[in-house]
Amino acid sequence: QNGFNQAYGARATGGDDRGMYSLSVGYTGNKGVVKGMNSSNLTFRFNSDMNIAKNLTSVVDFAISSLNNDAVNDGMLSRTSPTHLSYVKSPMFHPYQYSYLNKTLTNNLETYDDLGINNPVAILSLAQQTSDMTYFTAAAKPKWNISDNFTLHAVASYTMNKMYEAYFTPRLGVAPVYDYLDDGTVATYTSEARSQNMREISTHLEMTADYHNSFNGHNINVLGGARYIQGNKTWDKVGGYNTPDDTQPKVSASLVRKEMDGSQITLKNIAWFANANWDYMKKYFLTGTVTMETCSRFGTEIEKGALKLFG
């Protein structure tokens with residue numbers, strides 16, 4: 001078929017004495033030259049720089065992106081590749097069944113041929129291979145100017161990245177898979193269904209205090225704060241063969257030769273830090289840095305460690 005691409009976008013900006021704002025929306029779509037291979041992407045973004053109160057400002061941003069892909073297993077070495085099968089399959093084998101009673105072709109799909117070559121039209125009509133990805137991020141960065149010399153900064157951000165994949169090969173039109181067992185018997189596997197979920201969530205919280213002053217040629221800047229970062233990753237997959245029929249492509253408990261796997265990882269990091277800088281007339285300099293940090297990556301029995309640097 002003929003491919004078709006489309007892209008749309010809109011953006012609005014503005015502001016007043018309370019802040020500046022920017023909003024953008026975008027959409028892209030792609031219809032592939034192979035039937036069933038389509039993709040779409042929807043994005044939304046909002047950015048702002050706000051004056052909340054006297055001496056209190058904040059940057060607030062968030063964005064959402066959703067990507068959807070519909071595809072087929074079209075690798076040249078795959079036995080279910082429609083493009084490859086259309087090249088190697090003999091034109092003598094029609095993709096639809098022939099009715100000897102009515103002397104005409106029917107709308108019923110034909111199975112694989114006598115040579116064991118699959119029906120590409122059946123694969124395009126019944127197979128499924130989808131991928132859905134969602135990305136979301138939000139962040140706020142307030143700033144409070146308590147005085148001319150003292151400022152408080154904060155950061156709060158949240159990010160989520162999620163993906164779901166599903167795969168299905170039909171029974172109709174696809175030759176079965178044979179597995180020769182150790183006891184001499186042969187197991188036959190037909191339709192195949194698989195799915196996979198992945199999710200990653202990250203949280204970042206940080207607070208810092210900044211003091212600076214200048215007098216009699218001396219310049220002092222002191223910064224201190226704390227930071228907390230947490231990351232959570234979850235992944236699981238399941239798959240097997242012999243679904244009840246081609247109208248039920250989802251993974252179920254009735255699958256045979258079932259494979260399951262998954263994992264979950266949670267990491268936490270906490271840090272306290274301080275930094276001091278002094279100079280006199282921009283000729284003599286002294287810097288000191290202290291950081292104390294702990295991380296769950298090293299287990300629960302690891303004590304906090306402090307790193308001190310002076311220069």
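Around NZ of Lys237, the count of heavy atoms belonging to other residues, nucleotides or ligands within 6.0 Å does not exceed 12.
Residues Asn51 and Arg18 form no side-chain contact, since every pair of their non-hydrogen atoms from C-beta on lies 4.5 Å or further apart. In this structure, Thr134 and Tyr164 have side chains that are not in contact, with every pair of non-hydrogen atoms separated by 4.5 Å or more. Proximity of Tyr167 to Ser195: side-chain heavy atoms (C-beta onward) are nowhere separated by under 4.5 Å. The shortest side-chain heavy-atom distance between Met160 and Tyr158 falls under the 4.5 Å cut-off. Between Asn69 and Met133 there is a side-chain heavy-atom pair separated by less than 4.5 Å. In this structure the side chain of Trp144 never reaches within 4.5 angstrom of the side chain of His153, judged on heavy atoms. Here the side chains of Ile201 and Arg199 are in contact, with some heavy-atom distance below 4.5 Å. Counting heavy atoms from C-beta outward, Tyr189 and Asp179 have side chains that approach closer than 4.5 Å.
Residue Phe273 holds its CZ atom at 11.0 Å from OG1 of Thr289, rounded to the nearest 0.5 Å. With rounding to the nearest 0.5 Å, the separation of CG in Asp183 from OH in Tyr180 is 13.5 Å. Distance OG/Ser99 to CG/Asn107: 11.5 Å, rounded to 0.5 Å.
Counting only N and O atoms by type, the side chains of Thr234 and Asn232 include a donor and acceptor under 3.5 Å apart. Judged by distance alone, the side chains of Trp235 and Glu200 never bring a donor and an acceptor atom under 3.5 Å apart.
A salt bridge links Arg194 and Glu192; the closest N-O separation between the charged side-chain nitrogens and carboxylate oxygens is under 4.0 Å.
Panel note: side chain Asp70, backbone Asn38; no donor-acceptor pair is recorded below 3.5 Å. Side chain of Lys143 to backbone of Leu152: no donor-acceptor contact under 3.5 angstrom is found. For the pair Asn145 (side chain) and Asp148 (backbone), a donor-acceptor distance under 3.5 Å is absent. Side chain of Ser214 to main chain of Asn219: no donor-acceptor pair is present (N/O by atom type, distance under 3.5 Å, no hydrogens or angles). Distance alone, capped at 3.5 Å, is enough to place a donor-acceptor pair between the Ser296 side chain and the Lys268 backbone. A distance-only check finds a donor-acceptor pair linking the side chain of Asp246 to the backbone of Arg171 [under 3.5 Å].
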Start with the C-alpha distance between Phe215 and His218, add both sets of side-chain angles, then the distance that settles ring pair (Phe, Tyr, Trp, His ring centres under 6.0 Å), and finish with yes or no. CA-CA 5 Å; Phe215 55 93; His218 297 273; 5.6 Å; yes

Applying side chain to side chain contact (heavy atoms under 4.5 Å, CB included) to Trp272 and Arg227, what does each step give before you reach the verdict? CA-CA 6 Å; Trp272 296 264; Arg227 177 175 58 247; over 6 Å; no

Do any side-chain atoms of residues 118-126 form donor-acceptor pairs under 3.5 angstrom with protein atoms, and if so which ones, sequence neighbours left out?
unit_1: Asn118; atom_1: OD1; unit_2: Ala175; atom_2: N; d: 2.6
unit_1: Asn118; atom_1: ND2; unit_2: Arg79; atom_2: O; d: 2.8
unit_1: Asn119; atom_1: OD1; unit_2: Val121; atom_2: N; d: 3.1
unit_1: Asn119; atom_1: ND2; unit_2: Pro95; atom_2: O; d: 3.0
unit_1: Asn119; atom_1: ND2; unit_2: Glu110; atom_2: O; d: 2.9
unit_1: Ser125; atom_1: OG; unit_2: Val121; atom_2: O; d: 2.8

For residues 203-210, tabulate all N or O donor-acceptor pairs below 3.5 Å that involve a side-chain atom, not counting sequence neighbours.
unit_1: His204; atom_1: NE2; unit_2: Glu206; atom_2: OE1; d: 3.1
unit_1: Asp210; atom_1: OD1; unit_2: Asn221; atom_2: ND2; d: 2.9

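A parallel orientation is assigned to the rings of Trp278 and Tyr280, their planes being inclined by less than 30° (bins at 30° and 60°). Using cut-offs of 30° and 60° for the angle between ring planes, the Tyr27 and Tyr8 rings count as parallel.
Of the listed residues (Asn242, Asp245, Thr243), just one forms a side chain to side chain donor-acceptor pair (under 3.5 Å) with Thr190, and that residue is Asn242.
Follow the hydrophobic side-chain contacts under 4.5 Å out from Phe93 and you never reach Leu109; the two are in separate clusters.
Taking the six-membered ring where the residue is Trp, the centroids of Phe46 and Phe44 are separated by 6.0 Å or more.
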